[in-house]
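A quick write-up on the structure given underneath.
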Amino acid sequence: MVPRVWSLMRFLIKGSVAGGAIYLVYDQELLGPSDKSQAVLQKAEKVVPTAVYQFSQYVCEQTGLKLPQLPAPPKFNFHIRDSWNSGIITMMSALSVAPSKAWEYSKEGWDYLKERTK
């Protein structure tokens, strides 16, 4: 009985974490327009290091452990707007040309076979 309850608890915890992550992405509009996503990421860049530091201090107080100071996160000069959905655009353009390219290549192959069989 205990293993079943434990597996049910694990499932509920994992489902709650996944649901919370999906809600956070939807609520913060991370998959929306690039300017909103970039603003959210810049806000997270400011908030996350302080939250990690506060959490580590809390863990140190509760457990009596001394955690070493984490190094500062690296700064990247990368704007998400420059490459937002560029992979999707590339993939869709490749898929849109795929039927005509397949026809063109098959025609070239057929003509090649005709020449070789003469």
Side-chain angles (χ1 to χ4, degrees):
M1 181 70 177
V2 172
R4 288 183 128 175
V5 171
W6 181 247
S7 65
L8 178 65
M9 289 298 292
R10 284 180 49 205
F11 175 74
L12 290 175
I13 290 170
K14 287 179 182 181
S16 299
V17 169
I22 291 170
Y23 174 76
L24 181 68
V25 166
Y26 176 77
D27 185 50
Q28 297 295 322
E29 297 181 14
L30 285 175
L31 298 177
S34 62
D35 55 346
K36 288 184 180 181
S37 300
Q38 189 170 3
V40 169
L41 290 175
Q42 287 174 350
K43 186 170 106 177
E45 187 178 85
K46 294 175 187 172
V47 173
V48 169
T50 57
V52 169
Y53 177 73
Q54 289 174 352
F55 179 73
S56 66
Q57 292 300 316
Y58 174 76
V59 168
C60 289
E61 289 174 8
Q62 295 298 318
T63 60
L65 296 174
K66 295 194 180 211
L67 297 176
Q69 180 67 28
L70 294 174
K75 297 286 184 187
F76 295 108
N77 191 12
F78 174 73
H79 297 286
I80 198 165
R81 182 178 289 185
D82 297 339
S83 65
W84 187 258
N85 286 338
S86 64
I88 303 278
I89 292 169
T90 304
M91 182 59 112
M92 288 301 138
S93 71
L95 287 175
S96 69
V97 213
S100 61
K101 285 291 184 180
W103 182 81
E104 181 182 323
Y105 293 148
S106 63
K107 184 176 186 247
E108 287 177 10
W110 186 252
D111 291 341
Y112 177 78
L113 285 175
K114 279 184 181 177
E115 287 179 18
R116 291 291 181 194
T117 55
K118 287 184 182 180

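Heavy atoms only: backbone and side chains are in, while hydrogens, waters and symmetry mates are out. Nothing here was measured: the structure is a model prediction, and the numbers come from that model.
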Working to the nearest 0.5 Å, report the span between OG1 of Thr90 and CG of Leu95.
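That separation rounds to 11.0 Å.
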
Starting at CZ of Arg10, measure out to CG of Leu8 and round the result to the nearest 0.5 Å.
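Here the rounded value is 11.5 Å.
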
Run the side-chain contact (heavy atoms from CB on, under 4.5 Å) test on Tyr112 and Glu108 for me, step by step, so that the C-alpha distance in whole Å, both residues' side-chain angles and the decisive distance to 0.1 Å come before the verdict.
CA-CA 6 Å; Tyr112 177 78; Glu108 287 177 10; over 6 Å; no

Looking only at heavy atoms, which two atoms of Pro99 and Ser96 are closest? And how far apart?
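Pro99 and Ser96 have their closest heavy atoms at CD-O, 3.8 Å.
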
Single-linkage hydrophobic cluster Val97~Met91, side-chain heavy atoms < 4.5 angstrom
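No; tracing contacts between hydrophobic side chains, which count when under 4.5 Å, never links both residues.
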
Under a 4.5 Å cut-off applied to non-hydrogen side-chain atoms, are Lys107 and Glu104 in contact?
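Counting from C-beta outward, Lys107 and Glu104 never come under 4.5 Å.
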
